[in-house]
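Keep in mind that what you see is a predicted model, and the values were worked out from it rather than measured. By convention here, the first residue in the shown sequence is residue 1. Atom set for the values below is all heavy atoms of this structure, side chains included, hydrogens, waters and symmetry mates excluded.
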Amino acid sequence: QVRLTESGGGSVQPGGSLRLSCEVSGDATGTLCIGWFRQATGQGREGVAVLGPGGRSTRYGDSAKGRFTISRDDTKPTVYLQMNALRPEDTAVYSCATSTRISCTGTPDSRWFNTWGEGTQVTVSS
């Protein structure tokens, strides 16, 4: 079974940057996609970014387009979320997740993801 461990969260001022990391361990056989999702207090889970099979495709949620970048380093193996131009509304718990379902290649949608990390808190405030 695949295991996911997030890190890199913290507090940052508006306009700042953070890079989140998701370390992948265990048996990732069958994994098609890995993605980042976030959930603010009192809100539903929102798709941020997804890396498709083989890392050949990326999809972003509307709030992430132009500001966030998902990438991976297969030598570690770790998936990153580089977040720039952060806004107070980006405050949330960010979690990475993997999916074995082909539907994961579309717009980031948590319904298709079946293994989750515990998340890391990101707080954007002045």
Do the non-hydrogen side-chain atoms of Pro88 and Pro14 ever get within less than 4.5 Å of each other? yes
- Task: Indicate yes or no: at least one non-hydrogen side-chain atom of Thr105 is less than 4.5 angstrom from one of Pro53.
- Result: yes
Taking [X] for its side chain and [Y] for its backbone only, find out whether a donor-acceptor pair lies under 3.5 Å.
| X | Y | value |
| --- | --- | --- |
| Arg101 | Asn114 | no |
| Ser103 | Trp112 | no |
| Arg56 | Gly52 | no |
| Tyr60 | Ile70 | yes |
| Glu6 | Leu20 | no |
| Ser126 | Gln13 | no |

*asked:* Go through it in stages, so that I can follow the logic: the residues are Leu86 and Phe68, the test is side chain to side chain contact (heavy atoms under 4.5 Å, CB included), and I'd like the CA-CA distance, side-chain angles, deciding distance and then a yes or no.
replied: CA-CA 9 Å; Leu86 284 162; Phe68 296 0; 3.9 Å; yes
Quick one: closest heavy-atom pair of [X] and [Y], and the distance?
| X | Y | result |
| --- | --- | --- |
| Leu4 | Val2 | CD2-CG2, 4.1 Å |
| Phe113 | Ser99 | CD2-CB, 3.6 Å |
| Pro108 | Phe37 | C-CE2, 4.1 Å |
| Cys33 | Thr31 | O-CG2, 3.5 Å |
| Cys104 | Leu32 | SG-CB, 3.9 Å |
| Ala40 | Ala92 | N-CB, 3.7 Å |

Identify whether Tyr94 and Val12 are in the same connected component of the hydrophobic contact network (ILVMFWY, side-chain heavy atoms under 4.5 Å). yes
- [ ] Compute whether any side-chain donor of one residue and acceptor of the other, for Ser95 and Arg45, lie under 3.5 angstrom apart.
- [x] no
key: Steps toward side chain to side chain contact (heavy atoms under 4.5 Å, CB included) verdict (Ile34, Cys22)   = CA-CA 10 Å; Ile34 185 164; Cys22 175; 4.2 Å; yes
Distance from [X] atom [atom1] to [Y] atom [atom2], nearest 0.5 Å?
| X | Y | atom1 | atom2 | result |
| --- | --- | --- | --- | --- |
| Leu51 | Thr98 | CG | OG1 | 12.0 Å |
| Glu23 | Thr5 | CD | OG1 | 5.5 Å |
| Thr58 | Arg72 | OG1 | CZ | 12.0 Å |
| Lys76 | Ser25 | NZ | OG | 15.0 Å |

Problem - Glu89, CD: over 12 other non-hydrogen atoms inside 6.0 angstrom - result: yes
message = What verdict does the side chain to side chain contact (heavy atoms under 4.5 Å, CB included) test give for Gln82 and Asn84, after you've listed the backbone C-alpha separation in whole Å, the side-chain angles of each residue and the deciding distance to 0.1 Å?
response = CA-CA 7 Å; Gln82 177 66 44; Asn84 298 327; 2.9 Å; yes
The side-chain contact (heavy atoms from CB on, under 4.5 Å) partner of Arg38 among Val122, Leu81, Asp90 is Asp90
Applied to residues 34-69, the disulfide bond (SG atoms under 2.5 Å apart) test, sequence neighbours excluded, yields none
